[in-house]
Chemist: 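Encoded as structure tokens, here's the structure I'll be asking about.
All values reported here derive from a predicted model rather than from experimental measurement. To find a chain, count down the sequence lines: A is the first, B the second, and so on, and within it residues start at 1.
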Amino acid sequence: MSAMLQKSMEKSSVFDLSTSSLRDLNAMLQSLPAETNQTSWVVKNPRGAHALAVGITTPVRVNIDGHAGYYAAGMNDGANIIINGNAATGVAENMMSGYVHVKGDASQSAGATAHGGLLVIDGNASARCGISMKGIDIVVKGNVGHMGAFMAQSGSLVVCGDAGDALGDSLYEARIFVKGSVKSLGADCEKKEMTAEDKLILADLLDKSGVDANVEEFTRYGSARKLYHFHVDNAGAY
Amino acid sequence: MCGIAGLFLKSSALEPQLGVLMSTMLNVLTERGPDSAGFAIYGAGKPDQVKFTLRSSKAFDFLALAETFGGSAALYGDHSVVSVAESRAASFKAKLEALPEIVIVSVGKRIEMFKGIGLPDDVGRRFGLSGMAGTHAIGHTRMATESAVTVDGAHPFSTGADQCLVHNGSLSNHNDVRRTLIREGIKFATQNDTEVAAGYLSHKLREGAKLDEALKAALKDLDGFYNFVVGTENGFGVLRDPVSCKPAVMAETNDYVAFASEYRALAELPGIEAAHLFEPEPSRVYFWERAE
């Protein structure tokens, strides 16, 4: 392993994917002991590889220096992962805790099914951002595509730009905040009053993501709770 | 699965490298489609000549056939590109249709199209893709779902002069659309869903629609999931279905527009670091044309 590790100027360990394999990268990151002093990593030449820096359970910092492929930072549990480029399908999918920051755009299903942590996307996120989210907080500084927060259950989706069609479709719970326009709302998603608690949650997420915006500029959306509760009048439909 | 690579050059500087760039893109997409591959390449054309890309199921003397019609033939394994004078194209086509061992892969002033079974790298080598030049190329690596792994079932599909289409996805109403198009005189060689999409666009173009109009109409008439990349003599278009579950990424620089199923296939392109990268939006027609 030592051959592939070299200390960089800023005390980060460098892992170069042009000379070492992705499997070695993930195996190494996944086996770091909790007390490791190699807490900062730079991944060079990712070139859109899939499953970059997945399943890390140690609170280290990983800087992916370029565009990432599918499921980057998936299943993250505690690491601080920065993608210095775009991310393809399913970035930070099933994250448990930690922080993932995409400096470019994210493709579909960003933060899918994630239980915790914070995902920040500086650019736009495409379709199904936060699909089936279960506790993650997602802040998108640009726009989101159609079906944002589809079937979301818990957590917050903050959109600083516009949202596409069918926002919050089949929503169970979760908070959605949108600063710009919403093309259409999905089934059982409705506009809500912004409560004092909502404002605190939103202000905290904006602060953590470095977004300079007033909570008053956002509109809160949430579940109308008509779809997932059994209602006897709908018995014929089951 | 399936992988798509499309490269449309905006300037002539990269034209000699078109084949090698397309070859690199396709090889990266091997994992998305290892059973067969194909590509269309728009090279130099002569104003009074028509190029027929032909395939033969058994040994066939393409040179002699071309000579009979005063044309010329270039041989590429089981494919051959035969050029004949435009004035004799109709009679040449009639002759081809009477030869059961010959498949007309594509016809046009500039298009040449090759496909085969095997890994993309093997298919590319078979036809010498790396040595080819041109203005735009569209390639596909196939993982078959809707019809058998055959050379005919490999993409691209061409159903009109200088037109081709590749597809990632599957269409659910292709049988119905095929029946309608057959009544309109469009001919189909396979049971493949993608060929129906190609035939649909050819029919629209034949009726006078521009490529962007034809693609817009496809949004209404073709049901299913799809990323389409289409080529015409001077144009290059992209369309994704409204749900857009199939992956797509595009890169644009002053020199080219490129489409790929995954960024990995774009990573080798010159100047990619400074390219404008974007994901094409659902239901939006993207279209580039080069003025000759």
Chemist: Tell me, side chain or backbone of B/Pro242 under 4.5 Å from chain A's heavy atoms, or both, or neither?
Modeler: backbone
Chemist: Is the number of heavy atoms from other residues, nucleotides or ligands under 6.0 Å of B/Glu31 CD greater than 12?
Modeler: no
Chemist: Using 0.5 Å steps for rounding, measure from the CD atom of B/Glu279 to the OG1 atom of A/Thr89.
Modeler: 7.0 Å
Chemist: Using a 3.5 Å cut-off and no angle test, enumerate the donor-acceptor pairs between side-chain atoms of residues 213-225 of chain B and protein atoms at least two apart in sequence or in another chain.
Modeler:
from: B/Glu213; atom 1: OE1; to: B/Lys210; atom 2: N; distance (Å): 2.7
from: B/Asp221; atom 1: OD2; to: B/Tyr200; atom 2: OH; distance (Å): 2.5
from: B/Asp223; atom 1: OD2; to: B/Ser172; atom 2: OG; distance (Å): 3.4

Chemist: So which bits of residues 248-275 of chain B come within less than 4.5 Å of chain A, counting non-hydrogen atoms only?
Modeler: B/Ser261, B/Glu262, B/Tyr263, B/Arg264, B/Ala267, B/Glu268
Chemist: What are the two closest non-hydrogen atoms of A/His146 and B/Val243, and how far apart are they?
Modeler: NE2-O, 3.0 Å
Chemist: Applying a heavy-atom distance below 4.5 Å, give me the residues of residues 147-178 of chain A that approach chain B, sorted by number.
Modeler: none
Chemist: Give the interface residues of residues 99-130 of chain A toward chain B, defined by a heavy-atom separation under 4.5 Å.
Modeler: A/Asp105, A/Ser107, A/Gln108, A/Ser126, A/Arg128
Chemist: Quick check on A/Ala49 against chain B: is it the side chain, the backbone, both or neither that has a heavy atom closer than 4.5 Å?
Modeler: backbone
